[in-house]
2 protein chains.
Amino acid sequence: MTAPDYDQRIEHWKTALHQNGYRVTQPRLQVIRILAESEIPLTPQEIYQLSLGLDSPPGIASVYRTLEMLDDLGLIQQIHQPSGCHAICPAVEGHKHLLICTSCGQMRVVEGNEAVSEYIRMIEEQTGYQVEEHLLQLFGICQNCS
Amino acid sequence: MTAPDYDQRIEHWKTALHQNGYRVTQPRLQVIRILAESEIPLTPQEIYQLSLGLDSPPGIASVYRTLEMLDDLGLIQQIHQPSGCHAICPAVEGHKHLLICTSCGQMRVVEGNEAVSEYIRMIEEQTGYQVEEHLLQLFGICQNCS
DNA sequence: AACCTTACTGATAATAATTATCATTATCAT
DNA sequence: ATGATAATGATAATTATTATCAGTAAGGTT
Ligand SMILES: [Zn+2]
Ligand SMILES: [Zn+2]
Ligand SMILES: [Zn+2]
Ligand SMILES: [Zn+2]
């Protein structure tokens, strides 16, 4: 992230805090700066560890509180690493995508993923990345619940 | 899941345990049955809570151990709910997909998702679900790392 | 069917992550 | 500059996960 983009993001976030009645405090700024300048996703613990290098680092509780606030404001988002999460279901044979009802939790497997494969080939050309894995999960309302 | 499908999955899993030198024990069977008959993703804690209704329920440690084994055998997979995970990054404006390097962690935003929107429209027609949200994350190797 | 080896278990302690509590402090509108 | 109070740090409490270890049960052998 280039310097002006970085500064702009910080300003954007500070404005968002103001506009929503939150105070712009040192601990919050420290967390925000760490997030804004990182090129990789960070866990709360990692953010806290990084903050320890600063002058008067925030307490761990403030790191969590700040993240909750930023999440409420829609300024951050969760990254779901393939290794990370908790809920478990029987494995689907081969690579299929899952469709989960946000009302009843019912889950079904979606057939046919040529469209996605095509999309990924395009991404590879566009970015030079070699895409090895993907996570696609669809959330919605099933026929029962609607 | 219909009864024969259910029985078949149980048998499949028992066979997999045998073939990989694992013993088919009561605690493992209890966890396996709970997983096989659930229509919704479950957390380890939820599985444990459900097991408490059984005759001689497994200890919580055995629940975790069984899940680790099933994961090693590729019989279960993680579900990443939008609310669930830990790593955090600045939010991307609008809905974009993320491409994350599994080597250095570098992350970039992928432009253009018409292909995915089209795919989702197809899914909606096919399933009757009303898809409200989706999670698509691509994992691979960036140009630097390859 | 009884025996034997040892993988597996339950109970519990240890570790790690997250949230709650509360007296003190720093922000910011006035 | 002042004052009301939102926010903080320190710490306790809670929750989730992993490690330890003596006792148990699975399953091959006889
Ligand atoms: Zn996740
Ligand atoms: Zn439903
Ligand atoms: Zn796919
Ligand atoms: Zn890389």
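So that the names make sense, note that chain A is the first sequence line, chain B the second, and so on, each numbered from 1.
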Next on the checklist: Please confirm whether the shortest side-chain N or O distance from T25(A) to OP1 or OP2 of dA6(D) is below 4.0 Å.
Outcome noted: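 The answer is no; no side-chain N or O of T25(A) sits under 4.0 Å from OP1 or OP2.
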Checklist entry - Quick one: is S62(A) getting a side-chain N or O under 4.0 Å of the dG9(D) phosphate, OP1 or OP2? => result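 Yes.
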Whole-Å distance between [N] [atom2] and [X] [atom1]?
{"X": "Q45(B)", "N": "dA16(C)", "atom1": "CD", "atom2": "P", "value": "18 Å"}
{"X": "R65(A)", "N": "dT27(C)", "atom1": "CZ", "atom2": "C1'", "value": "15 Å"}
{"X": "H18(A)", "N": "dA6(D)", "atom1": "NE2", "atom2": "C1'", "value": "13 Å"}
{"X": "I60(A)", "N": "dA16(C)", "atom1": "CD1", "atom2": "P", "value": "14 Å"}
{"X": "Y64(B)", "N": "dA13(C)", "atom1": "OH", "atom2": "P", "value": "18 Å"}
{"X": "L17(A)", "N": "dA26(C)", "atom1": "CG", "atom2": "C1'", "value": "16 Å"}
{"X": "E68(A)", "N": "dA17(C)", "atom1": "CD", "atom2": "P", "value": "19 Å"}
{"X": "D72(B)", "N": "dA7(C)", "atom1": "CG", "atom2": "C1'", "value": "16 Å"}

Please pick, from [options], the nucleotide with the shortest atom-to-atom distance to any side-chain atom of [X].
{"X": "R23(A)", "options": "dA25(D), dG10(C), dC28(C)", "value": "dC28(C)"}
{"X": "Q26(A)", "options": "dA26(D), dA16(D), dT27(C)", "value": "dT27(C)"}
{"X": "P44(A)", "options": "dG9(D), dA7(D), dT18(C)", "value": "dT18(C)"}

Next on the checklist: Under 4.0 Å, counting only non-hydrogen atoms across every strand here, what does R28(B) touch: a base, just sugar-phosphate, or nothing?
Outcome noted: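 Sugar-phosphate: the residue R28(B), judged by heavy atoms under 4.0 Å, touches backbone atoms but no base.
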Item to check | Verdict with supporting geometry, H134(B) and H97(B), side-chain contact (heavy atoms from CB on, under 4.5 Å) | outcome: CA-CA 10 Å; H134(B) 70 271; H97(B) 302 140; 3.0 Å; yes
Next on the checklist: Evaluate E11(B) against D7(B) for side-chain contact (heavy atoms from CB on, under 4.5 Å), listing each step before the verdict.
Outcome noted: CA-CA 6 Å; E11(B) 286 313 309; D7(B) 290 343; 5.5 Å; no
Item to check | SB check R121(A) E118(A) (cutoff 4.0 Å) | outcome: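 Here R121(A) pairs with E118(A) in a salt bridge, since their nearest N and O are under 4.0 Å apart.
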Next on the checklist: Ignoring hydrogens and geometry beyond distance, is a side-chain donor-acceptor pair present between Q45(A) and Y64(A) at under 3.5 Å?
Outcome noted: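 Their side chains do contain a donor-acceptor pair, which is all the 3.5 Å distance test asks for.
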Next on the checklist: One pair to check against side-chain contact (heavy atoms from CB on, under 4.5 Å): L138(A) and L98(A). What are the steps and the verdict?
Outcome noted: CA-CA 6 Å; L138(A) 308 170; L98(A) 296 176; over 6 Å; no
